[in-house]
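Take a look at the structure below.
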Amino acid sequence: VKDGVSERGGYPVVQKAMPQWNLRITAYADRLLYDLETIEWSNALKTMQSNWIGRSTGAQLFFEVDGHDEKIEIYTTRPDTIFGATYMVLAPEHELVTKLTTAEQQKDIDDYLAYSQARSEIDRMSDKQVTGAFTGAYAINPFTDKKIPIWIAEYVLISYGTGAIMAVPSDDERDQRFAKKFGLEIIPVVDKSDYPGATLDDKVGKIINSDFLNGMEVKEAILAMNEKIEEMGIGTAKVNYKLRDAGFSRQRYWGEPFPIVYDENGFAETLAVEDLPLELPETEDFKPGKGGKSPLSRLEDWVNLENGYTRETDTMPAVAGSSWYYLRYMNPNNPDTFASPAAVTYWQDVDLYVGGAEHAVAHLMYARFWHKFLYDMGLVPTNEPFKKLVNQGMIQGRSNFVYRANEQFAEKSFKEKLKEYKIDVQTEYPIAGGYVDFAMPEHKLAIEIKSGSDLQRYLEQRKPAYDEAGWKLLVISTQEVGNYYFNFDIIIKRINRAIEGTIDNSHLEEDYTHPLFISYDVVQEKNLAELTTALHVDVNIVNNDVLDMEAFQNWRPDYKNAYFVTNKAGSYICGHAVEKMSKSKYNVVNPDFMVAQYGADVFRMYEMFLGPIEASKPWDTLGINGVSKFMRRFWDLFFTNEQFSVSEDAPTKAELKVLHATIKKVNEDIERFSFNTCVSAFMEATNDLRKMKCNKRAILAPLTILLAPFAPYTTEELWHRLGEAGSVHHANYPIHDESYLKEDEIEYPISINGKKRATAMFPSDASKDEIEKAALEVEGIQKWLEGKTVRKIIVVPKRMVNVVVG
RNA sequence: GCGGGUGUGGUGGAAUUGGUAGACACGCUAGACUUAGGAUCUAGUGCCGCGAGGCGUGGGGGUUCGAGUCCCUCCACCCGCACCA
């Protein structure tokens with residue numbers, strides 16, 4: 001929907017009440033909220049769900065209306081402030097509005113209803129104006145017995161609570177704004193003087209002006225008032241939710257059809273089990289049915305059954321499938337049920353769910369709800385579907401920009417260049433009834449800077465280079481200024497020739513077709529941001545922010561004749577920004593292309609290497625070389641002079657240490673989803689083994705298995721070259737042996753007053769006392785101790801030494 | 001406005017319980033080799049300083065022998081909700 005019409009066809013969009021199927025997710029609101037504590041999800045996601053459920057506790061009660069039988073039902077979280085309720089507000093859509101409005105106020109109310117109906121949701125959200133209208137009717141505050149006016153206003157929403165409120169302007173910010181604007185009474189009922197800094201929203205303070213509540217703390221008063229309300233029979237304590245029941249009908253073809261039929265009287269019945277599954281009927285006509293009905297309603301043969309029953313023609317939304325597909329995965333080919341009891345008992349639930357945060361409140365909420373329902377039906381053994389959830393970040397695009405010079409660019413830089421060359425000119429000088437950009441009166445020389453169509457017009461008119469008063473006119477194109485930005489002598493020569501009397505404008509003929517682009521570093525250095533327009537450029541013709549200028553000219557016809565202001569090195573540097581990948585931003589990198597160039601293993605590892613799994617981060621094509629280099633180096637460990645060559649010799653202590661340290665690190669990091677540091681560990685190991693010139697099977701074989709989940713294809717090939725029969729992915733995964741990691745000597749940093757001043761090797765089994773003594777003897781430490789007293793020495797075994805002196 | 005999160009070199013990031021900040025990689029600089037190629041190899045690379053040394057994890061303050069990590073406070077950015085009574 002755009003501007004009230006459908007974006008595709010331009011048809012008007014109207015709101016319409018329709019009977020629809022709803023899922024009573026609200027019945028599970030409390031369990032959906034409290035069970036969040038039992039699952040391993042991120043805080044962000046849990047709070048999102050809990051805000052979405054929006055549980056609040058308060059009271060629901062009735063206010064009598066003066067002179068009417070009607071009562072107004074309201075919901076409040078602050079029953080303690082009821083003595084301060086000086087007026088009431090109904091949502092404009094509230095059903096009592098028409099009944100209560102008095103004749104005198106009819107026009108005001110009609111005007112207001114017209115106003116609020118015309119305002120879209122977006123209007124209401126973006127400008128929160130204080131608006132409203134008086135109905136002319138009065139309610140009775142059940143505690144003060146005072147008559148209080150009933151208003152209508154947009155700020156009360158029909159969809160939350162009861163669509164009506166008691167307004168307490170002393171203790172609610174919105175009510176206060178409203179009361180002030182319309183001059184309504186404000187009675188203070190909560191004394192917050194004991195709580196400096198507390199806002200109106202904070203439920204703290206001492207109750208005043210409230211009869212039997214006086215002197216109570218807010219929390220205490222809420223309980224007391226709830227009791228009183230129930231005692232008086234005018235209301236009850238109540239829990240309220242923001243969460244709404246889920247609309248489950250769609251008027252579309254694609255979607256699961258409802259297994260529901262209606263009898264002659266329109267009562268719904270479920271299809272018999274033997275008639276399931278109900279499949280979508282085939283059709284080639286997907287147009288909507290009459291009156292906004294689903295396309296299925298057009299298929300009369302399918303809709304009308306022999307026994308006089310008719311089928312439901314709406315279909316289910318996408319969440320119908322996504323709410324429980326993981327259960328079907330447990331037993332995909334079972335023809336009788338979604339999954340056998342044996343299968344669900346075996347698989348239980350989803351141990352780890354990796355998905356985007358965009359599913360936070362829709363899919364992930366529905367799936368939990370469905371799962372809980374199935375649990376209640378005894379069909380699944382667990383209460384929650386996804387025990388642990390990790391939100392992977394989005395790979396963003398790194399966009400590049402070129403900077404097109406605006407009209408004002410040339411004038412400004414021309415002026416600066418003239419200043420640099422100490423050439424004195426006047427600007428905006430009046431000549432022959434008009435103005436020229438620059439003038440040198442002593443030489444009777446006028447200079448105009450022209451570009452684009454302006455230049456084209458000038459050339460077509462073929463104005464003479466001299467006017468009647470004897471002034472000479474030199475035209476310089478914007479493109480020239482840019483072109484010779486670092487070689488301005490050429491333009492100075494033209495000016496000098498013009499002073500002598502030779503003016504040659506012939507080269508300007510084509511300049512107007514040349515857009516001018518300025519290198520980003522020049523834009524920065526010369527502060528040209530406002531004189532240029534940043535345009536997205538295809539990242540595929542930019543390398544390391546350096547533009548391939550020829551490719552740029554061929555990129556789009558408009559840029560065929562582009563001129564560039566390069567930096568002093570002759571390169572055109574592009575600006576950059578991290579944004580969502582998008583075609584319009586020309587920052588999309590095609591993974592197929594990357595896989596073709598580097599292979600799937602390198603691509604896969606580079607995605608892991610980019611950073612933590614939860615973080616969104618920019619795709620940086622350059623960095624993939626690092627992983628590619630690693631992969632080749634790892635491969636090279638198995639080769640000597642391009643021949644596969646693996647030694648059967650026993651490994652050294654140092655080599656075993658590299659292997660086992662890597663196994664330990666990688667296995668630990670996998671446990672905490674830190675795949676980027678796993679890749680780093682593999683790189684370190686490879687670098688170390690390269691230096692040791694290690695090609696021993698005893699080291700390389702376990703390393704190959706360890707790497708297999710990260711680089712499945714390459715490792716499989718190496719595995720076979722190692723002469724192993726089965727798949728590397730079925731090999732026993734290595735476990736580290738702590739004994740290989742033991743050190744005889746440990747390097748200790750030695751600090752003086754917390755600042756590291758030296759390092760020294762001490763035996764790993766040295767006692768604290770031995771280290772303390774030895775540390776003071778270390779070379780480079782002595783000079784820090786001169787003339788000072790050693791007050792304390794802290795030794796953390798196998799970590800560090802800190803000497804406190806003073 | 002409310003709620004959640006994040007701030008570390010030129011860049012992506014590492015530092016798992018308070019214990020050598022900057023692992024690993026990109027980029028950059030210099031050099032080697034070379035059919036000069038966006039290949040490969042070697043060395044260097046937080047900042048300031050010739051040096052000794054000083055400074056340094058968004059800013060300020062605190063706890064501690066020791067703080068990127070804990071506490072207080074301020075700032076910036078990102079995400080979610082948004083008149084929820």
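Sequence lines set the chain letters: A, B, ... in the order given, protein chains first and strands last, and positions in each chain run from 1.
- Comparing the C1' positions of B:rU73 and B:rC84 gives an interatomic distance of 32 Å, to the nearest angstrom.
- Spacing of C1' atoms, B:rU8 relative to B:rU34, comes out at 40 Å, to the nearest Å.
- Nucleotides B:rG18 and B:rG13 have their P atoms positioned 25 Å apart, rounded to a whole Å.
- Using a 4.0 Å heavy-atom cutoff across all strands shown, A:Arg55 reaches no nucleic acid atom at all.
- Relative ring orientation between A:Tyr112 and A:Tyr115 is described as tilted, the plane-to-plane angle lying within the 30° to 60° band.
- Distances were taken from every side-chain heavy atom of A:Asn676 (C-beta onward) to each of B:rA14, B:rG3, B:rA25; the shortest belongs to B:rA14.
- Counting any heavy atom pair closer than 4.0 Å across all strands shown, A:Lys46 reaches no nucleic acid atom.
- For an aromatic pair to be called close, the ring centres must be under 6.0 Å apart, and A:Tyr155 with A:Phe178 satisfies this.
- Between the OH atom of A:Tyr160 and the P atom of B:rC84 there is a distance of 9 Å, given to the nearest Å.
- Protein atom CD1 of A:Ile165 is 10 Å distant from nucleotide atom C1' of B:rC83, rounded to whole Å.
- Nucleic acid contact for A:Arg672: base, since at least one base atom lies under 4.0 Å from a heavy atom of the residue.
- Distances were taken from every side-chain heavy atom of A:Pro749 (C-beta onward) to each of B:rG19, B:rG3, B:rU20; the shortest belongs to B:rU20.
- Residue A:Asp175 is classed as having no contact, given no heavy-atom separation below 4.0 Å to the nucleic acid.
- Across B:rU16, B:rC41, B:rC65, the shortest atom-to-atom separation from the side chain of A:Val804 is found for B:rC65.
- Rounded to whole Å, the separation between the P atoms of B:rG68 and B:rG62 comes to 15 Å.
- With a cut-off of 3.5 Å on both pairing distances, the Watson-Crick or G-U wobble partner of B:rC41 is B:rG31.
- Proximity of the aromatic rings of A:Tyr606 and A:Phe603 is defined here by a centroid distance below 6.0 angstrom, and this criterion is not met.
- Mapping A:Leu622 and A:Trp52 onto RNA chain B via the closest heavy atom, the residue that lands nearer the 5' end is A:Leu622.
- Atom CZ of A:Arg757 and atom P of B:rC65 are 19 Å apart (whole Å).
- In this structure, A:Met48 reaches the sugar-phosphate backbone alone: every heavy-atom distance under 4.0 Å involves primed, P, OP1 or OP2 atoms, never a base.
- In this structure, B:rG9 shows a glycosidic angle within 90 degrees of zero, which is the syn conformation.
- Residue A:Thr677 places its side chain closer to B:rA14 than to any other of B:rC83, B:rA14, B:rC65.
- The cationic group of A:Arg368 lies under 6.0 Å from the six-membered ring centre of A:Trp41 and within 45° of the ring axis, placing it in a cation-pi geometry.
- Of the C1' atoms belonging to B:rC77 and B:rA67, the separation is 24 Å, rounded to the nearest Å.
- Comparing atom distances between the A:Glu684 side chain and each of B:rC41, B:rA23, B:rC55 picks out B:rA23 as nearest.
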Going through the distances and angles, do A:Asp669 and A:Lys665 end up as a salt bridge (Lys or Arg N to Asp or Glu O under 4.0 Å)? CA-CA 6 Å; A:Asp669 286 358; A:Lys665 170 86 178 145; 3.1 Å; yes

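- Contact of the A:Glu40 side chain with the A:Leu389 side chain is not registered, since no non-hydrogen atoms from C-beta on lie closer than 4.5 Å.
- When the C1' atom of B:rC41 is taken as reference, atom CZ of A:Arg632 falls 13 Å away, rounded to whole Å.
- Atom-to-atom, CD1 of A:Ile613 to P of B:rG5 comes out at 19 Å; the value is rounded to the nearest Å.
- Taking 4.0 angstrom as the limit, A:Arg799 places none of its side-chain polar atoms (N or O) nearer than this to OP1 or OP2 of B:rG66.
- Positionally, the nearest nucleotide of RNA chain B for A:Asn43 lies more toward the 5' end than for the other of A:Ser159 and A:Asn43.
- Across all strands, A:Asn802 comes closer than 4.0 Å to base atoms (heavy-atom distances).
- Annotation: the span from A:Tyr598 atom OH to A:Thr621 atom OG1 amounts to 7.5 Å, rounded to 0.5 Å.
- Among B:rA85, B:rU42, B:rU20, the nucleotide with an atom closest to any side-chain atom of A:Leu157 is B:rA85.
- Within the nucleic acid shown, A:Lys665 comes within 4.0 Å of at least one base atom, counting heavy atoms only.
- Backbone-only contact: A:Trp784 has heavy atoms under 4.0 Å from sugar-phosphate atoms and none from a base.
- Pair assignment for B:rC2: B:rG80, on the basis of Watson-Crick or G-U wobble contacts that are both within less than 3.5 Å.
- A:Phe630 and A:Phe609 have their aromatic ring centers separated by at least 6.0 angstrom.
- At B:rC26, one or more side-chain N or O atoms of A:Lys629 fall inside 4.0 Å of OP1 or OP2 (strictly under the cut-off).
- Taking the six-membered ring wherever Trp is involved, the centroid distance between the rings of A:Phe634 and A:Phe682 does not fall below 6.0 Å.
- B:rU17 is unpaired under the criterion used here, namely a Watson-Crick or G-U wobble arrangement in which both key atom distances are under 3.5 Å.
- Residue-level contact check: A:Glu747 touches the bases, meaning some heavy atom is under 4.0 Å from a base atom.
- Regarding A:Asp620, its CG atom lies at a distance of 15 Å from the C1' atom of B:rC24, rounded to whole Å.
- Here the separation of B:rG58 from B:rG7, taken at their C1' atoms, is 6 Å to the nearest Å.
- Distance check on atom P: B:rG10 versus B:rG22 gives 16 Å, rounded to whole Å.
- The distance between atom CZ of A:Arg177 and atom C1' of B:rC83, rounded to the nearest whole Å, is 7 Å.
- B:rC26 atom P lies 14 Å from atom CE of A:Met605, rounded to whole Å.
- Within 4.0 Å of A:Val796, counting heavy atoms only, lies at least one base atom of the nucleic acid.
- Distance check on atom P: B:rG19 versus B:rG4 gives 27 Å, rounded to whole Å.
- For B:rU11, the base has no donor-acceptor partner in the side chain of A:Lys617 [N/O atoms by modelled type, under 3.5 angstrom].
- Base engagement by A:Phe609 is indicated by at least one non-hydrogen atom pair under 4.0 Å involving a base atom.
- When both distances must be under 3.5 Å, the Watson-Crick or G-U wobble mate of B:rU11 is B:rA25.
- Within 4.0 Å (heavy atoms only), A:Pro618 reaches no atom of the nucleic acid at all.
- If you check B:rA52 for Watson-Crick or wobble pairing at under 3.5 angstrom, you find it has no partner at all.
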